[in-house]
Amino acid sequence: MIQSKIAELVRDAIRKAQEGNELPEFEVPDIPIERPKLEGHGDFATPACLQMAKLARMAPVRIAGVINGHMSQADFVGHSEAVSPGYINFRLADLWLAQQVGVILEAGDRFGNVDLGHNSRIQVEYVSANPTGPLHVGSARNAVIGDALANVLAAAGYDVQREYYVNDGGTQMGLFAESLYARYAQALGHDVPLPESGYHGTYLAEMGGRAAREYGSCLLNMDHSEALKAIGDIGLSYTMETIKNDMAAMGITFDQWFSERSLYQGGGFEQVLNLLRSGGFLAERDGAVWFTATNLGADKDEVVIRSGGAPGYFASDIAYHYDKFVERGFERVIDVWGADHQGHVPRMKAMMRAMGLDPERLSIVLYQLVTLKRGGEIVRLSKRTGEIITLREVVEDVGADAVRFFLLSRSAESQMDFDLDLAKEQSSENPVYYVQYAHARICSILRLGADRGLDTVEGDLSLLTHPMELNLIRHMLMLPEIVELAASTLAPHHLSSYAQELASRFHVFYRDCRVVSSDPADRELSLARLRLMRAARLVLARTLHLMGMNAPEQM
RNA sequence: GCCCCUGUAGCUCAGCGGAUAGAGCAGCUGCCUUCUAAGCAGUUAGUCGGGUGUUCGAGUCACCCCAGGGGCGCCA
């Protein structure tokens, strides 16, 4: 990346200054290259001289002046200057910038890629909501963050696998089966009450009716535990069907749907237990088997096998992560969790240590829960009581792209309100359309160019000298930095502000620069600008796709 | 009580230890005979919750306090 090339120039200049005795000898520290906030400060700047003042026993400005005096020429640097209080500012060369349009076009869909991952295998596990009903809106943030993260990591050079963990075992699943059985029996005219703590949503009554239609009364004659097992599997297939559809409505597809039950089907679970036991990480207490996480830095121990003999959820988590790292060999795993599970994180890290794995290989991205509102009123959600707003409703109401953009425009750790009424009202004012509109406008220009028989390949890029052309190109070139930032900090929200700024620079360009001109004298400039448009479209579309959004050709 | 996250413009939020803290929305004022006005330009607006430190330099790091959210189950 260009930053490292600039740092190299600076290091080189320092060395020359030292050889010429204009600077004293000292160990040269790392040279930070940053993006100045103010446009007047150039494209890049280094505050290195501020840090070197002590080492050199000179005023920072003087150091900067000396170093800048020894700066070598480079095709990408148009100008560098030393300024008070001791910065060296760099401005990219206009011609070099213009030529980058060709570089972007050549890279095509790969523009923006960086090699952080060296093709190492990484898994992103997200959504993973209990299969006890349709997805509710709360899962939307998880889905959007996880999916964009997976996209960004792929762009950053990782071999990414997307996974949904299906909690098809455990207590909640049992309750679900009992509740559905009641609804099924009711649909057939039998007065079977819903369990006290069961699921009361209306969707369950519909599922009961469907089961009654599809399977008749045959389950009623079965042994009750057999019938529960059967209705549970039927319900599971129903919910997985809707969950997959809901995800598809958001444009999300998983590489694997991993069944919790499958963890107990081979001998894998016993193997992991033995591993922990032989490491001395298990203890019996009150008839249950505990994972002694407190010995590994966590604040609490955790039950693995309940006193009734059934494995607890943490047992599944252990076996599941063992499977991820050891059986399937992922080098890194990212779990996307709601903040209501944050207390669980230290035990997960402890588990990694107990299994002899570097805890750094497991990253848990926590996002704060979204407070749903309707006309300013907080909407409480619970699948059990049936108070539920489904993800599908919201997607159909507000639109998948708007939901994605909104949820990606804030960092995961920020709490946010999602007012469903407001989202609908504002949808025409939503920034999502601002960005997509820019893309549609570019497409419109390209269409006109094609109509006039102008090609988009031959243009002479050196004709791109207008400040707004260069302003646009400057920002297009930042995509790789954004990908690197988002991937290394696991924070895909950086994409949305980048997209907005990119769209803004295009709109300003559009105002000032006519692309397809009817004046024959402008033909060469038109061709050059059409190439620019093709590159701009590429970068904008790539950014939208990284966010999981569509890049419409018309609006 | 203990642990985690958050507190930045009227509202919703960006902001990798660096220069004069930004955007969108809302408000006000202008701009369509030429590639989409879902656009552009101008304008109003901040003790960065409060305090003390660390540093050449703090919205950013540390500690304390205040406020909001979440967690502290043989639920997941």
Side-chain angles (χ1 to χ4, degrees), chain A residues 32 34-38 40-41 45-47 50-51 53-54 60 83-87 89 128-130 167 170-173 175 197 260 285-290 299-300 302-314 316-317 337-346 366-369 371 406 409-417 419 422 426-438 440-449 451-452 481 484-485 488-489 493-494 496-498 500-501 503-504 506-508 510-518 526 529-530 533 554-555:
Chain A
E34 53 194 40
R35 289 277 188 179
K37 283 185 218 165
L38 264 67
H41 292 154
T46 179
L50 297 170
Q51 297 166 342
K54 250 182 203 166
V83 295
S84 171
Y87 290 92
N89 295 338
S128 298
N130 275 352
N167 290 126
T171 317
Q172 294 304 319
M173 205 57 211
L175 270 174
S197 52
E260 178 185 5
R285 205 183 305 153
D286 309 324
V289 178
W290 295 72
D299 52 340
K300 270 187 57 199
E302 190 73 41
V303 166
V304 179
I305 308 284
R306 295 188 257 168
S307 52
Y313 67 88
F314 192 67
S316 297
D317 278 341
W337 288 359
D340 51 339
H341 290 70
Q342 46 161 285
H344 197 40
V345 174
L366 295 170
Y367 61 91
Q368 295 295 318
L369 299 184
T371 308
F406 178 75
S409 60
R410 284 106 165 120
S411 63
E413 62 266 22
S414 79
Q415 296 160 219
M416 56 195 290
D417 295 345
D419 192 311
L422 216 59
Q426 285 186 347
S427 56
S428 64
E429 290 299 326
N430 196 306
V432 66
Y433 297 107
Y434 179 81
V435 177
Q436 291 183 321
Y437 181 59
R441 258 185 163 178
I442 294 173
C443 291
S444 176
I445 294 171
L446 291 169
R447 279 194 297 271
L448 183 70
D451 285 352
R452 300 275 173 88
E481 284 172 48
E484 180 170 330
L485 175 67
S488 60
T489 58
H493 73 277
H494 294 291
S496 71
S497 48
Y498 173 75
Q500 276 190 83
E501 178 64 22
S504 165
F506 163 73
H507 287 308
V508 171
Y510 181 90
R511 179 199 59 197
D512 288 352
C513 301
R514 177 80 198 182
V515 177
V516 181
S517 169
S518 42
S526 285
R529 286 180 171 167
L530 279 168
M533 287 303 93
Q554 288 181 42
M555 285 174 72

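Proteins get letters first, then strands, A, B, ... in listed order; numbering begins at 1 in each.
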task = Evaluate the side-chain contact (heavy atoms from CB on, under 4.5 Å) criterion for residues A:Ser197 and A:Leu175: first the C-alpha distance (whole Å), next the side-chain angles of each, then the deciding distance (0.1 Å), finally the verdict.
result = CA-CA 8 Å; A:Ser197 52; A:Leu175 270 174; 3.7 Å; yes

remark   = The contact string for nucleotides 3-8 of chain B, one letter per nucleotide 5' to 3', using protein heavy atoms under 4.0 Å with B, S and - for base, sugar-phosphate only and none, comes out as -BBS--

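- Residue ring and base: A:His493 does not count as stacked with B:A14 (centre distance below 5.5 Å and interplanar angle below 30° not both satisfied).
- For A:Arg447, the side chain to side chain contact (heavy atoms under 4.5 Å, CB included) test picks out A:Cys443, A:Ser444, A:Glu553, A:Gln554, with sequence neighbours left out.
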Could you go over nucleotides 56-60 of chain B and give all protein N or O partners under 3.5 Å, atom names and distances?
unit_1	atom_1	unit_2	atom_2	d
B:C56	OP1	A:Lys54	NZ	2.3

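- Nucleotides B:C13 and B:U6 are separated by 13 Å at their P atoms, to the nearest Å.
- Residue A:Arg441 places none of its side-chain N or O atoms closer than 4.0 Å to OP1 or OP2 of B:G39.
- Contacts of A:Tyr434 classified as side chain to side chain donor-acceptor pair (under 3.5 Å), with partners at least two apart in sequence or in another chain: none.
- In this model, the phosphate group of B:A23 is not approached by any side-chain N or O of A:Tyr434 to a distance below 4.0 Å at OP1 or OP2.
- Applying the 4.0 Å criterion to OP1 and OP2 of B:C32, one finds that A:Arg511 has every side-chain N and O outside that range.
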task = For A:Met173 and A:Glu260, run side-chain contact (heavy atoms from CB on, under 4.5 Å): C-alpha distance rounded to whole Å, both residues' side-chain angles, the deciding distance at 0.1 Å, then the answer.
result = CA-CA 11 Å; A:Met173 205 57 211; A:Glu260 178 185 5; over 6 Å; no

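- One finds a side-chain N or O of A:Ser411 lying less than 4.0 angstrom from the OP1 or OP2 phosphate oxygen of B:A14.
- B:A14 sits 13 Å from B:A9 when the C1' atoms are compared, rounded to a whole Å.
- With P as the reference atom, B:G71 and B:C28 are 42 Å apart, rounded to whole Å.
- In this view, A:Glu501 and A:His475, A:Arg505 satisfy the side chain to side chain contact (heavy atoms under 4.5 Å, CB included) rule, not counting sequence neighbours.
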task = Would you sketch RNA chain B in dot-bracket for me? Only Watson-Crick or G-U wobble pairs with both distances under 3.5 Å count, crossing pairs as [ ], other-strand pairs as |, the rest as dots.
result = (((((((..((((....[...)))).(((((.......))))).....(((((..]....))))))))))))....

